[in-house]
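Only a predicted model underlies this, so the values are computations on that prediction, with no experimental measurement involved. Hydrogens, waters and symmetry mates are skipped; everything else that's a heavy atom, side chains included, is used.
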2 protein chains.
Amino acid sequence: MTLRVKKIGVRGNKRFFCPDRCGRLRQVPTSPAPTTRRSLRGRPAATSHAEIEQAAFQLFVTRGFEATTLDDIGEAIGVGRRTITRYYPSKNDIPWGQFDRTLDGFREILRATPTELQLHEAVHRGVLAFNDFPTDASPSHRDRMRLILTTPALQAHSVLRYASWREVIAEYVAERTGTRPDDLLPQTVGQVSLALALTAYQAWLADESASLPQLLDATMAHLRSYLAG
Amino acid sequence: MTLRVKKIGVRGNKRFFCPDRCGRLRQVPTSPAPTTRRSLRGRPAATSHAEIEQAAFQLFVTRGFEATTLDDIGEAIGVGRRTITRYYPSKNDIPWGQFDRTLDGFREILRATPTELQLHEAVHRGVLAFNDFPTDASPSHRDRMRLILTTPALQAHSVLRYASWREVIAEYVAERTGTRPDDLLPQTVGQVSLALALTAYQAWLADESASLPQLLDATMAHLRSYLAG
DNA sequence: TATCTTTTTGACCCTGAGTGTCATTAATGT
DNA sequence: ACATTAATGACACTCAGGGTCAAAAAGATA
């Protein structure tokens, strides 16, 4: 019989060790599987997406992403590994945080763009506005993007997020040109817009003093001059 | 003691069951870790990258990528799971096959492009030439790309391959413009070229009768008209 | 022919991500 | 008090990945 010695360590109830947690902002109870529903009935949630995200981020930047296990994260906030996997579908999804919710904001931004603008001008402004992040975020936008864009596993996983981002653009372009989102023009614009944004982001991370909006303009300018010959 | 019942099934030596394998083309012995060296001394390789790739591909398209385990693949060609992980660094790397070697060809193609051509014209022709695949490949280029571009895990993993592809373009652009490969223009051109190619590929997979070269031209044309306004 | 050398294989070991199951816990509502 | 509800944590399992090492199977050599 393989001895089962591990994990007998007392983790116990978390509220027992940290009763003041109740006072924190828990704006969205964010029950494990359903992300937006709130529950007032059953056992209260022992943690939140935000708490997991911040504790994990701390560990990711200090120990490195690969070297941090889900057990480490759970231990940091006094929660079991299984709980974490219920809040986030995968370890790779933690650094992105609540990205999906920001996509709705992106849609709003594009919809609010004046239609007098040329299509490419409207999309470009939309991209600029989407990437105008508040500076007080924690972890900071730059740190988050640095982690995502320099960790191979996260680089890879991010394409799935990018696909949703591109679809927002494709839908907007389709609506304005009377085509379908999966037609060639909307898809091309979505892909190219992402390409420009990623290039700008990479330069932004490489140069601490750089301005992201200016870099977004610069990549677009480079593309124009490149195509002009 | 945990009973160890599994894997007692007789696998035995493979050549014993399939003595005619010796006659096959084994153009590159492709020893496990070193990819290009050939060995005439020690124990002969029981399999090859090509054999693994074809057996795996067969299983991927029939059972699905996720549903196929490395054990399945190993069983299909009479080889242990550990052997497969020696030939390929990860399951995700199997469908790409010998992609890295084709990148050298890409470099050659670009280098051979007449310098009288405008930069964007040269890059575009290079991309076209790179994607002019022989039609007798097995698995076919289309089937391989379909698997890669429709399986989420492979979509994600592929960005790491794409990075090398983009670098080839960035290096070429850097050389022709007197900049460094990590400057903004070469990086932008690399990212945008990939964006156009991926869009073309997706349309190519969606329409059986489509021509890939024409779609590559079409995405470029769409980008031009989009930017022209 | 017997032995040495070289190289690959396969068995065995472990870690870690991800998932299903289910009893337990901790709240609300009656 | 008791029922209801919902999250948690313990447990078991599969699979990918990787380290280690004895055994296998060839060529080379005596």
Task: Under 4.0 Å protein heavy-atom contacts per nucleotide of nucleotides 16-21 of chain C, with B for base, S for backbone only and - for none - done: SBBBBB
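Two rings, from B:W165 and B:Y162, have their centers 6.0 Å or more apart.
A donor atom on one side chain and an acceptor atom on the other are not found under 3.5 Å apart for B:S158 and B:R161. Inspection of the A:Q187 and A:E167 side chains reveals an N or O donor paired with an N or O acceptor under 3.5 Å.
Taking the charged nitrogens against the carboxylate oxygens, B:R146 and B:E208 do have a contact shorter than 4.0 Å, which makes a salt bridge. Salt bridge status for A:E171 with A:R107: present, with a side-chain N to carboxylate O gap under 4.0 Å.
When the C1' atom of C:dT8 is taken as reference, atom CD1 of B:I52 falls 12 Å away, rounded to whole Å. The NE2 atom of A:H49 sits 15 Å away from the C1' atom of D:dT8 (whole-angstrom rounding). Rounded to whole angstrom, the span from the OH atom of B:Y87 across to the P atom of D:dG17 amounts to 18 Å. For the pair B:R43 CZ and D:dA28 P, the computed distance is 19 Å after rounding to whole Å. Regarding A:R41, its CZ atom lies at a distance of 5 Å from the C1' atom of C:dT28, rounded to whole Å. One atom, CD1 of B:I94, and another, C1' of D:dC15, lie 14 Å apart when rounded to the nearest Å. The distance from atom CD1 of A:I77 to atom C1' of D:dG9 is 13 Å, rounded to the nearest whole Å.
Classified by interplanar angle (parallel below 30°, tilted 30° to 60°, perpendicular above 60°), the ring pair B:H141/B:W204 is tilted.
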